[in-house]
Amino acid sequence: MAAVNSLTPLAPAEADSAADPALARRALRYLVLMREVEDRIERKLYRQGKILGGVYVGRGQEAICVGAGLVAEPDDMLFPCHRDLGLFLIRGVQPRQIFAQYMGRTGGLTRGRDGNMHMGDLNLKIIAIISAMAASVPVAAGAAFACKYKGNKEAVFVFFGDGATSRGDWHEGINLASVQKTPLVLICNNNQYAYSTPLDKQMACANVADRGPGYGIPSEIVDGNDVLAVYEATRRAAAHAREGLGPYLIECKTFRMTGHSAHDAGSYVPDHMWKEWAEKDPIQRLQRVMLDREWVAQEEIDEIHASVRIEVDAAIEWAEQSPYPDPSELLDNVYEPESR
Amino acid sequence: MAAVNSLTPLAPAEADSAADPALARRALRYLVLMREVEDRIERKLYRQGKILGGVYVGRGQEAICVGAGLVAEPDDMLFPCHRDLGLFLIRGVQPRQIFAQYMGRTGGLTRGRDGNMHMGDLNLKIIAIISAMAASVPVAAGAAFACKYKGNKEAVFVFFGDGATSRGDWHEGINLASVQKTPLVLICNNNQYAYSTPLDKQMACANVADRGPGYGIPSEIVDGNDVLAVYEATRRAAAHAREGLGPYLIECKTFRMTGHSAHDAGSYVPDHMWKEWAEKDPIQRLQRVMLDREWVAQEEIDEIHASVRIEVDAAIEWAEQSPYPDPSELLDNVYEPESR
Amino acid sequence: MSTTYLEAIREGLIEEMDRDPNVFLLGEDIGIYGGAFKMTAGMLDRFGEQRVVDTPISESAIIGAAIGASFAGLRPVAEIQFSDFISCGFDQIVNYAAKCRYRWNAPVPIVVRAPSGGGIHGGPYHSQNPEAWFVHTPGLKVIAPATAYDAKGLIKSAIRDNDPVIFFEHKALYRRIKEDLPTGEYTVPIGKARLHREGRHISVITYGSMVHAAAEAADQLNAEGISLEIIDLRTLLPLDEDTILASVRKTSKALIAHEACMTGGVGGEIAARITEKVFEYLDGPVVRVTAPDCPVPYSPPLEEAFLPNAAKIVEKARWLAKF
Amino acid sequence: MSTTYLEAIREGLIEEMDRDPNVFLLGEDIGIYGGAFKMTAGMLDRFGEQRVVDTPISESAIIGAAIGASFAGLRPVAEIQFSDFISCGFDQIVNYAAKCRYRWNAPVPIVVRAPSGGGIHGGPYHSQNPEAWFVHTPGLKVIAPATAYDAKGLIKSAIRDNDPVIFFEHKALYRRIKEDLPTGEYTVPIGKARLHREGRHISVITYGSMVHAAAEAADQLNAEGISLEIIDLRTLLPLDEDTILASVRKTSKALIAHEACMTGGVGGEIAARITEKVFEYLDGPVVRVTAPDCPVPYSPPLEEAFLPNAAKIVEKARWLAKF
Ligand SMILES: Cc1ncc(C[n+]2csc(CCOP(=O)(O)OP(=O)(O)O)c2C)c(N)n1
Ligand SMILES: Cc1ncc(C[n+]2csc(CCOP(=O)(O)OP(=O)(O)O)c2C)c(N)n1
Ligand SMILES: [Mg+2]
Ligand SMILES: [Mg+2]
């Protein structure tokens, strides 16, 4: 299917992935694992006071990072946003490292230097966000430029929310990448809120995808709660990018099934939206598809959930044993050691 | 004529202004005056070393600020860019003040605090640019918000070049105004270069107007060398804004008939473009129209040019007599006097 | 009944909005949500959407729009959700707002409110103290209140001031400190420091959260016969040099404390002025107690080690007292 | 044959690009035009469009893209056309580049070149000296060379350095100063000050354009029997405290000179360190000669009055010598 602009209907999941039970199984496991890890973080560890500071989860929108993440090759650089835990899992980061990160322990990716989703690993080519929304977009554009510079076939994936598209950095970054025709895949999770701010207070256009033409790049809208649809759209985008045709914008329509962060009940969200979107839950949905197509039996699904719970229990135990950083580390690594 | 998006052809000058000889006469006089003032600045005073620092002129694109400026009501706040001298003339700033400004004399609008086009007068509701391209766009959005806040029928006009549209501030400002549906008229002089950088190195879309839909606002393309066409387009935009329908983007296609600044010969511009656009000179063009339609006789046109030259000679003389600021003023007005 | 630092600022905002219809608020999530720290809770209902304006995530546009609205006669109060994000609107502050009056005589009566400071496990991007950048920017006024009384009085003065004011609110103080405020209306002058506590041996020149750390330190040191005089600057630009120098002339020793990291911080400027202007009065080196030169770490033991506190002030003061 | 400050930097850039294919340049108008100051003249022809990259007008994207390219193993050198516009990319520098290594062990080997300083009648937006903002940002290195030799040696070291470097080039020095450079390859270490001139009575601690003003002042004062020792800092972050303190221990008097405005400038930090660490050696107040606290005015008589110079250093030094 050719890249299309935003006025086309939601892309259906009818494509080769729809005939790939193995892919669906992998997707399901990551969806379930992400959900479980974040439920524990937000609803257990945070409430138990074992995690201090901000907690942002991707409940209800896991299909976006999982669907897109399964397309990325290991050498493709990823720039997650603060609700894309699935990307870390797909890149091989262990749940125990994630719990340790949230608890500020040395077992976390940042050794306690930073918290929650502010983590990354350059060896795994997954880049830590800074808090400033959309700041990663120009940075990702630079990484995409490097692919072109080196003449390799890598692509760069950058993820952001609807709210981030209001920022100057979003514009400058996407404009630079478009002018340079670099392999940048832009994936927007449009979960209809930026913190408490609804879309109509953020943008006057109907869709984030409507912004693609202003950069002369293709953009398309996809059902962000359909992991296979996200996978297919991302494949189109990645192919476009690797062919040297430049950036490609995907808008994933979804909903944030939680407050902005653990301290926010989201009382400003009208009740009907919670109900409406609960029915579109990406995990339930994929499971239904897999059962309907007889790709799995219910037992297998239950077994996935059970094994994930066991893995997560162990990971939390490990993380709680992980030591806090020693205060003597405070000034390490502000600069490259030798150069000080 | 309804507001249209960018894919429509250049707006023709066929409209009521086309039947208004008096308007054409006023426009012609401002065009000629702006051209003469800037020719003296760039080609005489600067070369004589009487003006130090940067000199940016609007040669060849005068029709944009003059056509739009003639639409603005005295209470509409104007945010010129660095090639919009005509707006100052229309607001009643005297050529002698402009020469004094360029020469750093107390007779200039900034008393020598700032130079060249970095001038403004809050009483005349004409705002001084800062150098940072597009920084005025969010500021103008705030002024437009104030119109809505006060419930008056004023509109705000902000001017910028093609290059400025690459900046984050441009995006943030236009997005805010669009969300707030405030009376902001956005006028882009697309002169096809940002300093030495051609359009294809600045943006991947065909027209600046293609960016309108990303903000859910109307945008149109107009021939920027046709002062009557610019006038008509600006009238549509102003009417739209005053009706409470929100911002409106006008892209004026034009060309910068000079280097970026007085020290730049523009050697990077292909010869054919100079020739091609010389034939589209906005002054010649308006004069032809006026002669064809028998609105003026050649003598009257000659008389306009002659009287402008006399006015400008006198203005320069006055400015050269204007004293330099006294060093004792150096620290005045960093803060409000009493509050120090 | 006593008022918290946060409530005091809210009261100030409400009083000024009641007083002057041109005062309005803009920022992210300040409307129905009442702001990330609930500073503006209830204000949307009270003043309506026109005067409590939720914006897209665009700090540069928030500050720029405030400037533009001020040109049209309004008196905008912009909220930057965390002061860490003020750098996203930096150019609008340092190049636009700060220079208009000087360049072309255009006043820019805006207030930019920015919750700053650590101690809430916010990590590198929800804990910074960026005041020094703005103190190095002529044309701005910079305020950092330490008490509820001053917070209310200064936010009111800031709104009435005809120059751009950057107003740093220490987020760890929001709910931690409270006091009884006068029932009647009052303001606190910009540019005047406050003698927080009188003392004889060492002048502690400080502001924001460190005022309270200094007071704690003073209590401890009293027992040891070391008496600290605490100057709460309240305004960082313009600096109240007279009050600083008068105190040092009296005690002949100076300790400067701030939560921001040391190098290039406001403490350097203060130390320089003391050494330049009352050198003959000094009986010992001018010392600084600040955070070290690194980002604000997240993990509790690291943040604990990072933040200056009473104990670190006590230690330095003891050392200085021996001179 | 002798090389100007500007040519020296260009030579450094070319040598590093010849040496390392991962080094590339990005910025506005640096390609066919060769840059606003012609720094990169001829480099497009030599290295091609891939390595001399013209960008849209977007400082935040320029710096951000440099960071991203560095993650992928490249060594970007970004040009900000005038340092006055660096505030448009401020967040990318202070929050992104400066903190990656500390937070998650990701080095950001980028160089951001920024022509700074006044004396060219550029007015408020083409004359600023914003170095102090960055000196207050741990994780950055900040360089401001005063001579052609150092400019070349330091730009080469900056490109090889594995931390983000902000490189301020004084635009008034570009063509004003020249010297004979060694024919062979050399670098100048980051973080080391240079004894520009030995003296006995007063240590003048300075950098950038003021090094030359100080030298002029020293010549004049010699006649009066006042001998100035001039320390050219070269690197502002990390500061070479040892060299500064050693000189002050020797002369027991310190005058700090910089072109940036005084309040919150780098001079305050230096004065504070001197007073804190070698107080017992001081025979007089530590004084500063800087621009006053206002924007850089355009009109020649105003700019002349604004800029610090040899005469102003002479005056302060005479006063200090009397102590
Ligand atoms: C520049 C900036 N301003 C404000 C914030 C505070 N903040 C954190 S997340 C957020 C909302 C982001 O909305 P969106 O981009 O839609 O992502 P979502 O949280 O909805 O996934 C805000 C305002 C920030 N992180 N960065
Ligand atoms: C943020 C910023 N970066 C760089 C510059 C230097 N500069 C001045 S004008 C200019 C080109 C502007 O191009 P455009 O917006 O098309 O206006 P034009 O000069 O063509 O009328 C540049 C790069 C600037 N003024 N501001
Ligand atoms: Mg969102
Ligand atoms: Mg242009």
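Chain A is the first sequence line, chain B the second, and so forth, proteins listed ahead of strands; every chain is numbered from 1.
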Going by the angle between their ring planes, with limits at 30° and 60°, are D:Trp133 and C:His136 parallel, tilted or perpendicular?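 D:Trp133 vs C:His136 ring planes: perpendicular.
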
Quick check: closest heavy atoms across [X] and [Y], and the distance to 0.1 Å?
X	Y	answer
D:Lys316	C:Glu276	CE-OE2, 3.7 Å
C:Ala272	D:Gly268	CB-CA, 3.8 Å
D:Ser87	C:Asp91	OG-OD1, 2.8 Å
C:Arg288	D:Glu269	NH1-OE1, 2.8 Å

Under a 4.5 Å heavy-atom cut-off, does chain C meet the side chain of [X], its backbone, both or neither?
X	value
D:Thr137	side chain
D:Tyr298	neither
D:Glu59	neither
D:Gln92	neither
D:Val94	side chain
D:Ile270	neither

Taking C:Asn95 for its side chain and D:Asp84 for its backbone only, find out whether a donor-acceptor pair lies under 3.5 Å.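 Yes; judged by distance alone, with no hydrogens or angles, the pair exists.
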
Among [options], residue most engaged with chain D (heavy-atom pairs, under 4.5 Å):
options	value
C:Pro138, C:Ala98, C:Gly267	C:Pro138
C:Thr263, C:Ile274, C:Leu282	C:Thr263
C:Gly265, C:Pro292, C:Gly123, C:Ala271	C:Gly265
C:Pro124, C:Cys88, C:Pro295, C:Pro297	C:Pro295

Does atom CZ (D:Phe279) have a neighbourhood of more than 12 heavy atoms from anything else shown, all under 6.0 Å? yes

Is atom CD of D:Glu241 surrounded by more than 12 heavy atoms (other residues, nucleotides or ligands) closer than 6.0 Å?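 Result for CD/D:Glu241: enclosed.
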
Can you tell me which residue among C:Phe90, C:Phe134, C:Phe85 is in a ring-ring contact (aromatic ring centres under 6.0 Å, His included) with D:Phe90?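 That would be C:Phe90.
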
Below 4.5 Å, heavy-atom pairs only: which of D:Cys294, D:Gly89, D:Gly139 has the largest tally toward chain C?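 Answer, by heavy-atom pair count under 4.5 Å with chain C: D:Cys294.
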
